[in-house]
**Student:** 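Got a structure for you, written out below as structure tokens; questions coming shortly.
Here is the naming used below: chain letters follow the sequence lines, and residue numbers restart at 1 for every chain. Everything numeric in this text was worked out from a predicted model, so none of it was measured.
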Protein chains: 2
Amino acid sequence: MKLTTKGRYGLSAMFDLAVNYGKGPIPLKSVADRQGISEHYLEQLIMILRKAGLVKSVRGAQGGYMLAKKPSEITVGDVLRALEGPIGLVDCVLEQDPVECEKAETCIMKLVWEKIRDSIIQAVDSITLQDMCNEAERRKASAHNYMYYI
Amino acid sequence: MKLTTKGRYGLSAMFDLAVNYGKGPIPLKSVADRQGISEHYLEQLIMILRKAGLVKSVRGAQGGYMLAKKPSEITVGDVLRALEGPIGLVDCVLEQDPVECEKAETCIMKLVWEKIRDSIIQAVDSITLQDMCNEAERRKASAHNYMYYI
DNA sequence: CAGAAAACCAACTAAAACGATAGGAATTGA
DNA sequence: TCAATTCCTATCGTTTTAGTTGGTTTTCTG
């Protein structure tokens, strides 16, 4: 019941792009450096995110990547779905193209998996990149106040 | 973000034992047959559940396994934790022995993973094996009524 | 125009995890 | 005694993961 590094690294990178939103294209190398990820590996992940319509790219020198929408319009769920596939702990209750088993009609377990899936969906869809940026700002502010008044 | 077969098979088996609760020890072979699982593989899983204190065993002929507590006292979370380990999509927010990263203090992502983890915990801990049995009974009853009154 | 910076792309690979299987030893009821 | 059953250890093929390698193409800048 773990995320792969795709999901982790991918959300890191998206958060980084969200923090730098509005500053033009951000070179992937700088994202990889800040987040401590192999640039070449991150390249593969960002390609997935681009094909999912979550980031845009600008080629050539001074190029890079940027969010395709406002941070407030991208949820953690969008990112995780793009990188990890449809949400669901078990194939028979995936959001997209669930793999039905023979006894799906009567399966009591299916009910359990659906309930867990729905609670995950609720959580990931309720957090946007903007929320994460806001929290980062809030922390920076309170750290500043602390240093100022000490 | 998938469960392994440990979690799936394990909950199947536990549900089977719950349905047969109070009937004495149930041979693992019969559980494996009903649930369509390799007996030998299930053996490894039930051993884990036994060591976690969720099932008891009776050795020898006419032996088998039974729940160590009432179905109402065993949650889906108990079973999944025993088989899949502490809950959490990412190592740094595991319920037990989280693997702290260097920047845990300032990590915004951690907040996200915690929120997802908590929503999973809430879901799995709110469902008992008894709930599953009740649902199975309810379905059997309504199927019966349907056939009776048609 | 040259060269550097960057995205884009395809193929390969080592290591780990997964999902078993194999083969037996120990226990116990009939 | 013997058949049923739990208990235990080891092995193993396949798939997935988490990269690495080695480029090609595009575009800005000096």
**Student:** Who pairs with B:K23 by side chain to side chain contact (heavy atoms under 4.5 Å, CB included), at least two apart in sequence or on another chain?
**Tutor:** B:N20, B:I26
**Student:** Less than 4.5 Å apart, side chain to side chain, heavy atoms only: is that true for A:V90 and B:K2?
**Tutor:**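 Not in contact.
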**Student:** Nearest whole angstrom, please: distance from the C1' of D:dG19 to the CD1 of A:I48.
**Tutor:** 13 Å
**Student:** Taking the side chain as everything from C-beta on, heavy atoms only, tell me whether B:R139 gets closer than 4.5 Å to A:L111.
**Tutor:**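 A side-chain contact under 4.5 Å exists here.
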**Student:** Check the hydrophobic clustering (I, L, V, M, F, W, Y; side-chain heavy atoms under 4.5 Å; chains of links allowed) and say if B:I127 and B:V124 are grouped together.
**Tutor:**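 Yes: a chain of side-chain contacts under 4.5 Å links B:I127 to B:V124.
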**Student:** Separation of A:L3 atom CG from D:dT16 atom P, in whole Å?
**Tutor:**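 One finds 17 Å between P of D:dT16 and CG of A:L3, rounded.
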**Student:** Once you round it to whole Å, what is the distance between P of C:dC8 and CG of A:L45?
**Tutor:** 14 Å
**Student:** Any non-hydrogen side-chain atom of B:T75 less than 4.5 Å from a side-chain atom of B:Q130?
**Tutor:** no
**Student:** Taking NZ, NE, NH1 and NH2 as the nitrogens, is one of them in B:D91 or A:R8 under 4.0 Å from a carboxylate oxygen of the other?
**Tutor:**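 Looking at B:D91 and A:R8, the cut-off is not met.
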**Student:** Between C:dA4, D:dT29, C:dA7, spot the one nearest the side chain of A:Q62, thanks.
**Tutor:**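 The answer is D:dT29.
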**Student:** Does anything in residues 8-30 of chain B come within less than 4.0 Å of DNA chain C? Heavy atoms only, and list the residues if so.
**Tutor:**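 B:Y9 - these, ordered by number, are the residues of the stretch whose heavy atoms sit under 4.0 Å from the strand.
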**Student:** Between A:S57 and C:dC8, does any side-chain N or O lie under 4.0 Å from OP1 or OP2?
**Tutor:** yes
**Student:** Run the side chain to side chain contact (heavy atoms under 4.5 Å, CB included) test against B:Q62 and tell me which residues pass, sequence neighbours left out.
**Tutor:** none
**Student:** Output a table of nitrogen or oxygen pairs between the protein and nucleotides 9-18 of chain C separated by less than 3.5 Å.
**Tutor:**
{"unit_1": "C:dC9", "atom_1": "N4", "unit_2": "A:E43", "atom_2": "OE1", "d": "3.0"}

**Student:** Provide, to the nearest angstrom, the distance between the CD1 atom belonging to B:I46 and the P atom belonging to D:dT5.
**Tutor:**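 Nearest whole value for this atom pair: 15 Å.
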**Student:** Could you list the residues that satisfy salt bridge (Lys or Arg N to Asp or Glu O under 4.0 Å) with B:K56, not counting sequence neighbours?
**Tutor:** none
**Student:** Sequence neighbours left out, what pairs pass salt bridge (Lys or Arg N to Asp or Glu O under 4.0 Å) with at least one residue falling in residues 38-50 of chain B?
**Tutor:**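 Checked against salt bridge (Lys or Arg N to Asp or Glu O under 4.0 Å) - neighbours excluded - no pair reaches residues 38-50 of chain B.
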**Student:** For the pair made of CD in B:E39 and P in C:dA22, what is the distance, rounded to whole Å?
**Tutor:**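 Taking atom P of C:dA22 as the reference, CD of B:E39 is at 13 Å.
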**Student:** Send over the distance from B:I37 CD1 to C:dG19 C1', rounded to a whole Å.
**Tutor:**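 Whole-Å distance recorded here is 12 Å.
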**Student:** Let's test your reading of the model: under 3.5 Å, does the base of C:dT27 pair with the side chain of B:R59 as donor and acceptor?
**Tutor:**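 No pair found.
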